[in-house]
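Single-structure report; data block below.
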Amino acid sequence: MAMDKTFDAAEAEARLYASWLEAGAFAAGANAREGAEAFSIMIPPPNVTGSLHMGHAFNNTLQDILVRWHRMRGHDTLWQPGQDHAGIATQMVVERELAKEGGQSRREMGREAFLKKVWEWKAQSGGTIINQLERLGASCDWSRNAFTMSGAPGAPAGEDGNFHDAVIRVFVEMYEKGLIYRGKRLVNWDPHFETAISDLEVENVETPGGMWHFKYPLADGRTYTYVEKDEDGNVLFEEERDYISIATTRPETMLGDGAVAVHPSDERYAPIVGALCEIPVGPKEHRRLIPIITDEYPDPDFGSGAVKITGAHDFNDYAVAQRCDIPCYRLMDTAAQMRADGAPYAEAADIALEVAKGERTLTQTETDAINLVPDDLRGLDRFEARKRVVEQITDEGLAVMVPPTDPRLGGKAPAAPEEGGEPRDEQLVPLVEHKPIMQPFGDRSKVVIEPMLTDQWFVDTSKIVGPALDAVRDGTVEILPERDKKVYFHWLENIEPWCISRQLWWGHQIPVWHTPGFGEEWRSFCAATEAEALEQMHATFGDDAEFILVEDEAAATDMLAEYFQNATDTTGVDQRRRPQAIPVFRDPDVLDTWFSSGLWPIGTLGWPEDTEELRRYFPTSVLITGFDIIFFWVARMMMMQYAIVGERPFDTVYVHALVRDEKGKKMSKSLGNVLDPIELIDEFGADAVRFTLSSMAAMGRDLKLSKDRVAGYRNFGTKLWNACRFAEMNGVFEGHSFRAEPPSAKATANAWIIGETAKVREEVDAAMSAFRFNDAANGLYAFVWGIVCDWYVEFAKPLLNDEATAAETRATMAWVLDRCLLMLHPFMPFVTEELWGTLGDRPKMLVHGDWPQDRAEACVTPEAEREMSWVIALIDGVRSARAQMRVPNGMHVPLLVADLDKAGRNAWAANEALIARLARVESLTETQDFPKGTVTIPVGGATFGMPLDGIVDVAAEMARLEKSLSKLQKEVAGLEKRVSNPKFVESAPDDVVEETRESLAARREEERTLEIALARLREIG
RNA sequence: GGGUGAUUAGCUCAGUGGUAGAGCGCUUCGUUCACAUCGAAGAUGUCAGAGGUUCAAAUCCUCUAUCACCCA
């Protein structure tokens, strides 16, 4: 059966993948030798909402290459697949679906019904990315596919699994060990999703903004002398002031100011430190007063040097407020609208004033209950509120005013009257600097993040970071490339508490139940199950206590209020005032998705059960991941695995870079420069896409991907296909059976290619061991195309036609091509598997082929190597001379040779047929006298000549030779300089000196040949 | 502001101290029975710049310039 001219990827890929699946070829331990070492990789779980993008394609190609390589080597291999439940992303997608359908919204349908919808959605759409990974050829053990929400309450049949239990168990353990705590802290709040997010989920983007300058009048009409001095203490400026000037990018937060801070060394404000000043906004009759304090935070050289402190809406301010005991007044609700709850402004402002004057202190809860938003601003969006605040202050004349020419205004300064401009308006304008400011955005929602004071759960990362740092420091865990270790260290050495609670519904609900407490706050009970939590409650409240599970905090509060009709503090329950039935509610929050992903290595292997898989495959061998989740995931897996099982999650982390478009831009939907891997696979085949990515995978460098490149590697597949097709047509595989050892070969070309094959096998293994995927891929490319196809197949043609060499050549070619298929299989699994099956009867599929172990030492025949390089040099020389002398392609020419040495004589004799064929030579004649019009071709150990009487252009030939000669002379001069330098001979290693001398000798010989030839041409000319 | 990296052929990039490379593109030639998704031949470099270390530097060190990314 004749093979087609090309490989039909579109037809073959699905068929081949199905046959791998059918054979169970990817199952854990498949193709493992007895007692083989284990090799395991955990897939970085893609979002269940996700679809395959180039980053995934790259990441999973690299994993698949490693996995297939190890599997073929007979290792006990596991590639563990799975998906991440992706809390925010999934909730967002499902909510969007609901909106599209026009039915009930999430809140309308309630938590339980909504979660049911999510599971339905997951069943329907969650498999997308798995199918796409299959298109890529990923050889995951799909029977073990894991999901970070498997086994959660409400999970439908088929979604059972251990992951939920593992997550809950870890939370409880960490809680009991004191590694998890709850507290009111300033967190990044996403007003769109109305949840806290971690600092890693915030993107800081420079956006156009403004810096407003306002006057905060001093209380009671106080004044002071404001003095600006230069570095030498000379007075630059001096005036009497009744205010302190403040710059802010967020005027709407002024309403929640608790103080104004200046640097302790700032002499300008020293006279008024400790005084009260007035927030210049809000109803005039209830202006709030706040103290002027000192703190190290304000930079005296920035703006006015004075900073307003709004502890509840800025991270820096929060730190100052903590240090200086300044109250933090929350101004916004969960949607980042100005609060509309609580008492009217007048009452709230009165309380705040008493606090500022030190006449009253508030608990945190009391502070949080105070709404300092003036009545007219309540319920407004924060950006609308900003506009109003600015207007109100400006109208009242409390904006800092400057001439319109002030450079800080940023606009074009109007031309001065003397330069022909309009006469200057004496009117001053408010000082607003329009300039780019860094703004935090939610990485999912793309809305401006609001720092918000809320109750959240945190992992006390400082307590678990130690082993994660040590393991990398002492080499227990290797991070490649080296550079990323620094990134890892830098982040972990400056680790912040990790906010793990999210105000979402889709996720692992925190296993904590709250009852009324003994003090002000709710009392928390953490346990894996409700029953265990109740046991703990009984232990605390007494066996006779009766608990009633209610929906949420509000329900519990209401219930308590009924018991204590007149109590103002309904949470303040103690033994004496214990109600008949104690309300209990479960913490509504869910855990950060990354908390569950943090357990991926053990969770997917069955932990907390002591499973066989856990014993075999943990710690895992390699983690392959993108640099963008070193913090999100790698560092947290390290911390959590050590905290929970006291063991490293993996031996090696290979961090790869980003796939960009051909211009180096990040691929993004909004830029429209996204290359869809599936479309590329459709067009060029999965093998081409995979090979492209691996050949570009130089460690630590971004990939700039272009379609041309993919097309090039598709052509490579075709080239391989056709080499095999040639072999098949020549009966190379008839009766062939796979052989581990190379066949014995007498013909030099055969002996030579066997050695070359072994050399490349060593190169590939070395490259793979060092995670140098590009070196492995490019080495194979150069070998298969540049050596096997360009030379060996051509050499083989005359050998196959010769009875004497035909049999061994067939055997050799079959062996070499088998080797090519084996070694290329991890990179190009489809075309190689197809060829493997087409070309012969095989005991097993290539996916389980035995990875070669040929050693160059055993396979290389040095004489064959020397002889074939001589032959190649001769053919190259003749071809080059022919092309430059414009000898017609089809013409066979006679060849002359002078001074042919013994090695050359043997080489010619052994390879005459193939030289004649490839160089189009019709005869060889030995002579010392090249006739007029002969082109000279210097080859080591001989001078060849091509008599082209009448054809050759003497001038052209001289030019050709002179060009070679001058290049050669430059090299000779350089080498001579080195060899004649005694210091070089002294200091350089012997083999380098020796090599240099040999090289010099060879070049000198060639130089002489060229000189003689030139001299002869000159005589003629 | 702090950190990390990059700068090599027209383009995209390899190259961990020992004769500057690959792919693509380009030019010329080619319908030889594996392959035109191909073959043969060819052109193209102040290895960003300036100093330094070394027998020897694209490679190591210092500075400068430009760009990119990460963290504030």
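Per chain, numbering begins at 1; letters A, B, ... match sequence-line order.
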RNA chain B in dot-bracket form (Watson-Crick or G-U pairs under 3.5 Å, [ ] crossing, | inter-strand) is ((((((((.[[[[.)..(..]]]].(((((.......))))).....[[[[[..)....]]]]]))))))).
Ring pair (Phe, Tyr, Trp, His ring centres under 6.0 Å) partner of A:Phe716, chosen from A:Phe7, A:Trp721, A:Phe783, A:Tyr781: A:Tyr781
Donor-acceptor contact present, side-chain [X] to main-chain [Y], <3.5 Å:
X        : Y        : answer
A:Ser695 : A:Asn778 : no
A:Ser987 : A:Phe984 : no
A:Arg920 : A:Asn889 : yes
A:Arg882 : A:Pro888 : yes

I'd like to know if [X] and [Y] make a salt bridge, using a cut-off of under 4.0 Å between side-chain N and carboxylate O.
X         : Y        : result
A:Arg1004 : A:Glu976 : yes
A:Arg725  : A:Glu728 : no
A:Glu957  : A:Arg960 : yes

Within 45° of the axis and under 6.0 Å from the centre of the six-membered ring of A:Phe684, does NZ or CZ of A:Lys707 qualify? no
A:Arg690 NZ/CZ over A:Phe827 ring centroid, <6.0 Å and within 45° of normal: no
Any base atoms under 4.0 Å from [X], or only sugar-phosphate, or nothing? Heavy atoms, all strands.
X        : answer
A:Ser987 : base
A:Pro989 : base
A:Arg772 : sugar-phosphate
A:Asp484 : nothing
A:Asn778 : nothing
A:Asp991 : nothing
A:Arg714 : base

Give me the distance, rounded to whole Å, that separates [N] from [M] when you measure between the [atom1] atoms they each carry.
N     : M     : atom1 : result
B:A58 : B:U64 : P     : 23 Å
B:G23 : B:U53 : C1'   : 36 Å
B:C13 : B:A68 : C1'   : 16 Å
B:C70 : B:C55 : C1'   : 42 Å
B:G5  : B:A14 : P     : 15 Å
B:U46 : B:A9  : C1'   : 14 Å
B:U59 : B:G18 : P     : 11 Å
B:A57 : B:U19 : C1'   : 14 Å

Protein-nucleotides 23-26 of chain B N/O pairs under 3.5 Å:
none

Side chain of A:Gln884: nearest nucleotide among B:G18, B:C55, B:G42? B:G42
From B:U19, B:A14, B:A41, pick the nucleotide closest to the side chain of A:Ala883? B:A41
Report yes or no: do A:Asp687 and A:Tyr713 form a side-chain donor-acceptor pair below 3.5 Å? no
Any side-chain donor near an acceptor of the partner, A:Arg1003 and A:Ser999, under 3.5 Å: yes
Starting from [atom2] on [N], measure out to [atom1] on [X] and report it in whole angstrom.
X         : N     : atom1 : atom2 : value
A:Glu998  : B:U19 : CD    : C1'   : 14 Å
A:Arg1003 : B:G18 : CZ    : C1'   : 13 Å
A:Asn981  : B:U54 : CG    : P     : 14 Å
A:Lys486  : B:C71 : NZ    : P     : 18 Å
A:Trp791  : B:C35 : CH2   : C1'   : 17 Å
A:Arg997  : B:G18 : CZ    : C1'   : 15 Å
A:Phe489  : B:G2  : CZ    : C1'   : 19 Å
A:Lys963  : B:U44 : NZ    : C1'   : 10 Å

Taking the nucleotide of RNA chain B with the nearest heavy atom to each, does A:His490 or A:Val985 sit closer to the 5' end? A:Val985
If you find the nucleotide of RNA chain B closest to A:Arg978 and the one closest to A:Thr718, which residue's nucleotide is nearer the 5' end? A:Arg978
Run A:Phe773 and A:Tyr654 through ring pair (Phe, Tyr, Trp, His ring centres under 6.0 Å) and show every step you take. CA-CA 11 Å; A:Phe773 298 96; A:Tyr654 174 89; 5.4 Å; yes
Closer than 4.0 Å, any side-chain N/O of A:Lys485 to the OP1 or OP2 of B:U4? no
Establish, with yes or no, whether the OP1 or OP2 oxygen of B:C13 is under 4.0 angstrom from a side-chain nitrogen or oxygen of A:Asn774. no
Spell out yes or no: do the side chain of A:Arg483 and the base of B:U4 have one donor N/O and one acceptor N/O closer than 3.5 Å? no
Under 3.5 Å between N/O atoms: give me all the protein pairs with nucleotides 30-34 of chain B, atom names plus distance.
from: B:U32; atom 1: O4; to: A:Arg920; atom 2: NH2; distance (Å): 3.1
from: B:A34; atom 1: O3'; to: A:Arg725; atom 2: NH1; distance (Å): 3.2
from: B:A34; atom 1: O2'; to: A:Asn722; atom 2: OD1; distance (Å): 2.9
from: B:A34; atom 1: O2'; to: A:Arg725; atom 2: NH1; distance (Å): 2.8
from: B:A34; atom 1: N7; to: A:Lys797; atom 2: NZ; distance (Å): 3.3
from: B:A34; atom 1: N6; to: A:Cys789; atom 2: O; distance (Å): 3.3
from: B:A34; atom 1: N6; to: A:Glu794; atom 2: OE2; distance (Å): 3.0
from: B:A34; atom 1: N3; to: A:Asn722; atom 2: O; distance (Å): 3.1
from: B:A34; atom 1: N3; to: A:Ala723; atom 2: N; distance (Å): 3.4

Assess whether salt bridge (Lys or Arg N to Asp or Glu O under 4.0 Å) is satisfied between A:Glu478 and A:Lys485, documenting all intermediate values. CA-CA 8 Å; A:Glu478 180 70 45; A:Lys485 266 185 214 170; 3.2 Å; yes
